[in-house]
2 protein chains.
Amino acid sequence: MDKRSENIPNIIIRRLPIYYKHLKKLKNRAKEYISSEELAELTGFSSSLIRKDLSYFGNFGRKSYGYDIYCLLQELSIIMGFNHPKNLIIVGAGHLGQALVHNKGYEERGYKLKGVFDKNPKLIGLFLDDIKIRSVEEMCDFVKEEKIDIAALTVPKGVAQKTAELLIEAGVIGIWDFTEVALKVPNNILLEEQHINEGLCKLSCKINQNFN
Amino acid sequence: MDKRSENIPNIIIRRLPIYYKHLKKLKNRAKEYISSEELAELTGFSSSLIRKDLSYFGNFGRKSYGYDIYCLLQELSIIMGFNHPKNLIIVGAGHLGQALVHNKGYEERGYKLKGVFDKNPKLIGLFLDDIKIRSVEEMCDFVKEEKIDIAALTVPKGVAQKTAELLIEAGVIGIWDFTEVALKVPNNILLEEQHINEGLCKLSCKINQNFN
DNA sequence: ATTAGAAAGTTATTTTTTTAACAAAGTATT
DNA sequence: AATACTTTGTTAAAAAAATAACTTTCTAAT
């Protein structure tokens, strides 16, 4: 891989999954090449921007043909590190935590769901698919023993910060945060905030613009 | 409200919920004012950027004091249109749809959850909290009768596009999309994509940067 | 073989966004 | 009342990002 992949601008990182998503839809169409112009049509980004983004990582295109869809998907997978195996746990087995257990996107992106944790004795010991709900008491040891990289956090707000600290202490390098709290984490820890109510805010804001 | 709120740059809209979130945490602290410098500390944005963002909407600050936390929250609510009532339905009562029913963020942002819809006969008629799961057959009429503004979409990928089209046809003005599909919608329709696997992509991408 | 066309990759330009600097206004202190 | 201090709101400068334009390379058709 190109050495430039060491410090990819965030603005480009945000677009990579979008390219990936659209290309996947085309995987088994007749034509095996796609031009930047066509991809622009699909994604809403300009063709110029797309060529520039991709050329940041290497020369994946073929002059007068475009990009081989299969190869480009392959390259994007590598850039996004899907081939690098990552262990995941879910902390908090409430409605959202349970929904996350059933998410189908892990394997394709190199994630292995290793465990689910909760404090509620009524939940501990139950199975969601083939994943057992364990007590949060076991969480830290589990993180160390199973070399967990990422923890999805779906606990109540009140315990979010404390739980995050325990997880970091135990060795996770990233937190996929679903609580509606502004977590404070050291800057060597990756924090991906998935605060769904922010989506509601944005929608509300935009609706409002049309009425004022 | 300031007339400039008619076309707020997206980049600012994205930061508003973040200011809001951090200010809410401070609501009942002793000091009732906060400086842009302090808010910068909390949010990670520069104080300069914060002052500029806020001044886009009006003069909310007080020289040598800072911003009144309560008033600023109030102003942000107005800018984001939380005072404007919006009707919401959830389409798809699977794990994620059910988790969304239990989300606590609606009221505060001006949303009223009016209904949940699914195709599965085993689910239809059941209650989640006090919300009845209805058949998707009834969906379009319901949207018209109840003047639904926003639909949260948590249906399987295969029916995502078709369902979106039905909803738009019936009159929703925004879709809060949780499917992992690249939906195509007319450009007068608001589309807020909440594709959780994009979060996984970003985390994976960033982990990968440290290992190459 | 030559020529026209297509589309990537690159460079230059423009636009947007962020940061830095500063002036204005208010506060507190002597 | 005068002075020093804060912190906003604004203006200027810098940096980043996006677009447009251009060059190169490859393909295909005559």
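Residue numbers start from 1 in every chain, and the chains themselves are labelled A, B, ... in the order their sequence lines are given, proteins ahead of strands.
Side-chain contact between A:F178 and B:I196 is present, with at least one heavy-atom pair separated by less than 4.5 Å.
The aromatic rings of A:Y106 and A:W176 sit perpendicular to each other, their planes meeting at more than 60°, with 30° as the lower class boundary.
In terms of phosphate contacts, B:R51 brings no side-chain nitrogen or oxygen within less than 4.0 Å of OP1 or OP2 of C:dT18. Within the 4.0 Å cut-off from OP1 or OP2 of C:dG9, not a single side-chain nitrogen or oxygen of A:R62 is found. Remark: A:Y65 is not in phosphate contact with D:dT25, judged by side-chain N or O atoms under 4.0 Å from OP1 or OP2. Note on B:S36: a side-chain N or O is less than 4.0 Å away from OP1 or OP2 of D:dT8.
When each of B:I34 and A:F45 is assigned the nucleotide of DNA chain D with its nearest heavy atom, B:I34 is the one assigned upstream, toward the 5' end. Comparing A:S64 and A:I12 by the nucleotide of DNA chain D whose heavy atom lies nearest to each, the residue mapping closer to the 5' end is A:I12.
In this structure, A:Q194 CD and B:H195 NE2 are separated by 10.5 Å, a value rounded to the nearest 0.5 Å.
A cation-pi contact, defined as under 6.0 Å to the ring centre and within 45° of the axis, links B:R62 to B:Y65.
In the set D:dT11, D:dC26, D:dT8, the nucleotide with an atom closest to the side chain of A:K63 is D:dC26.
Residue-level contact check: A:S48 touches the bases, meaning some heavy atom is under 4.0 Å from a base atom. Counting any heavy atom pair closer than 4.0 Å across all strands shown, B:Y67 reaches sugar-phosphate atoms only and no base atom. Residue-level contact check: B:F60 touches the backbone only, with heavy atoms under 4.0 Å from sugar-phosphate atoms and none from bases.
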